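None of the values given here were measured: they were computed from a predicted structure.
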Amino acid sequence: MKQSHQVVVIGGGSAGIATAASMLRRRSDLDIAIVEPSDFHAYQPGWTMVGGGVFQPEQTRRSTASVLPKGVSWIKARAASFQPENNLVKLEDGSEIGYDVLVMAPGIRLAWEKIEGLEETLGKNGVTSNYRYDLAPYTWELVQRMKSGKALFTQPPMPIKCAGAPQKAMYLSCDHWNRSGNLGDIEVEFCNAGGVLFGVQDYVPALMSYVEKYDIALKLGNNLVAVDGHDQIATFATDDGEVTRDFDMMHVVPPQVAPQFVADSPLAAESGFVDVDQHTLQHVRYPNVFGLGDGCSAPNAKTAAAARKQAPVVAVNALRQLDGKGPTAGYDGYGSCPLTVERGKIVLAEFGYGGKLAPSFPTWLIDGTKPQRLSWMLKADVLPWIYWNGMLKGREWLAGPGGLIAQ
């Protein structure tokens, strides 16, 4: 069987839906299909708040059918392979879809299996992760239960989605222990495979003040490679060889890689991600293919905020491609990471390519390099509403397609 659409979007996550919605707002009669196998759509930035006891998990998830833009055809299936020379997508069931323009928003794959012993102990033995809907509530359960002992928080090598999320889980946990009077009896370690606390230096002083406040031991250059859940022992690779640490609670962030069906395709860069120009988000070899979100090769931070800024750029450029014209919209690498350093305060990191600061608000209102209550209100109250009612509906508040390219 074969069907065909003007635009085929691979992935019904944040990036895919936002792009489809933005295109339809510009051209309401467009024939768009979204290929997405899941029945549910998640607001993943909310999982940090679930793990911190701020949100209920149900607040972060809705049915896919309820969030797809009106007028879009939903192909409830998995993509298997691509023939860009023939403008074809092949699905796992063997059927094919033709397209005039292909938008790749496949997301990133959480590679739990790369850490030996992890999959069999997740959700028990004190091992948890806010990177999964079903595990974030267990994080909060462990935090509440813990009165003494050792808590490990891990971060794998880049790239990962929301590079601040490993720290967010740690700070919110420490804040709870501090408020409950137990922090002094809990040994906290941040085991980060990288060499720095955070990739944009301007935000490090504020974060370090909380590392010191909570008496967190920083273990940089420590990459989790194995977990013995039964005996609660974690093994880390370091420059000096492997080291083991015991734990009572461990929050794990899994290694993350390109989806295999993308990495094996002609659309992939050497990294495995969709090979795009970092500004136009147009594929470097196939002009009628675009990529955005966590699954593209652009060297930006992989965050929902990045997808929110990328979607209008792809919408404009993909429509121009349909019209036989070149791209005019450009993406500047914007990403945002609201770092929840305590319940009620956030360091609002906003930056573009090269770590250049890119604040959305004047510093007299929100100084992103300092922990602020207004930033917390933005994260807890405003951004989820904007996500469901703005971004997924093609409303481009503070996210219009800037950086226009001269023709």
Side-chain angles (χ1 to χ4, degrees), residues 1-5 7-17 19-20 32-38 41-42 44 64 74-116 118-119 131-132 156-161 193 223 225 253-278 280-302 306-307 310 314 318 321:
M1 292 180 61
K2 181 182 172 184
Q3 55 179 306
S4 186
H5 300 271
V7 179
V8 172
V9 179
I10 304 298
S14 308
I17 290 180
T19 302
I32 301 184
I34 292 182
V35 179
E36 171 54 54
S38 176
H41 178 97
Q44 295 181 30
T64 298
W74 178 18
I75 300 172
K76 191 173 181 297
R78 295 182 185 277
S81 62
F82 303 91
Q83 298 175 28
E85 298 86 356
N86 301 318
N87 298 332
L88 282 178
V89 177
K90 192 167 186 176
L91 305 179
E92 280 191 346
D93 65 4
S95 61
E96 295 179 336
I97 310 171
Y99 59 82
D100 296 321
V101 163
L102 178 66
V103 175
M104 293 290 294
I108 198 167
R109 188 175 77 81
L110 305 182
W112 304 97
E113 78 284 354
K114 287 183 177 289
I115 299 172
E116 183 185 343
L118 176 59
E119 289 180 289
Y131 273 71
R132 239 173 57 185
M158 293 298 185
I160 63 170
K161 55 181 173 180
N223 184 30
V225 293
V253 177
Q256 293 163 44
V257 298
Q260 200 60 45
F261 72 94
V262 177
D264 291 340
S265 79
L267 302 176
E270 191 174 336
S271 63
F273 294 98
V274 181
D275 200 0
V276 299
D277 177 274
Q278 68 179 45
T280 65
L281 303 178
Q282 187 176 41
H283 199 278
V284 297
R285 295 183 296 280
Y286 305 103
N288 66 333
V289 177
F290 295 82
L292 76 160
D294 294 346
C296 82
S297 65
N300 60 282
K302 295 182 183 296
Q310 291 172 340
V314 171
Q321 177 65 31

Minimal non-hydrogen separation, Gly16 against Ala105, with atom names: N-CB, 3.6 Å
Short question: side chain of Ser297, backbone of Val276 - any donor-acceptor pair under 3.5 Å? yes
All heavy atoms of Gly293 vs all of Ala15, minimum pair found to be CA-CB, 3.9 Å
Could you check if a side-chain atom of Cys296 sits within less than 4.5 angstrom of a side-chain atom of Met104, using non-hydrogen atoms only? no
With a 4.5 Å limit on heavy-atom distance, are the side chains of Leu102 and Asn87 in contact? no
Minimum heavy-atom distance between Phe261 and Pro106, given as atom pair plus value: CZ-CB, 3.9 Å
Quick one: closest heavy-atom pair of Gly12 and Ile17, and the distance? O-CD1, 3.3 Å
Are any side-chain N or O atoms of Gln256 and backbone N or O atoms of Pro159, one a donor and one an acceptor, separated by less than 3.5 Å? no
Is there a side-chain contact between Ile108 and Phe273, using heavy atoms and a 4.5 Å cut-off? yes
Min side-chain heavy-atom separation Thr64-Lys76 under 4.5 Å: no
Can you list the steps and then say if Glu85 with Tyr286 is a side-chain hydrogen bond (donor to acceptor under 3.5 Å, both in side chains)? CA-CA 8 Å; Glu85 298 86 356; Tyr286 305 103; 3.2 Å; yes
What side-chain hydrogen bond (donor to acceptor under 3.5 Å, both in side chains) pairs are there with at least one residue in residues 97-109, not counting sequence neighbours? Arg109-Glu113
For residues Ile160 and Lys302, report the shortest heavy-atom separation together with the two atoms involved. O-CB, 3.9 Å
Out of Ile34, Leu91, Ile10, Val89, which one pairs with Ile75 under the side-chain contact (heavy atoms from CB on, under 4.5 Å) rule? Leu91
Does any part of the side chain of Ser81, heavy atoms only, come nearer than 4.5 Å to the side chain of Asp264, both counted from C-beta? no
To the nearest 0.5 Å, how far apart are OG in Ser265 and CD in Gln260? 10.0 Å
His283 side-chain N/O to Arg285 backbone N/O, donor-acceptor pair under 3.5 Å: yes
Taking CZ in Arg78 as the centre, count heavy atoms belonging to other residues, nucleotides or ligands within less than 6.0 Å. Is the count above 12? no
Checking the side chain of Glu36 only, and the main-chain atoms of Ser38 only, is there a donor and an acceptor separated by less than 3.5 Å? yes
Over all atoms of both residues, closest heavy-atom pair of Phe290 and Val314: CB-CG1, 3.8 Å
Does CD in Glu116 sit with more than 12 non-hydrogen atoms of other residues, nucleotides or ligands closer than 6.0 Å? no
So, do Thr19 and Val9 sit near enough that their side-chain heavy atoms are less than 4.5 Å apart? no
Main-chain N/O of Ile97 paired to His5 side chain as donor or acceptor, under 3.5 Å: no
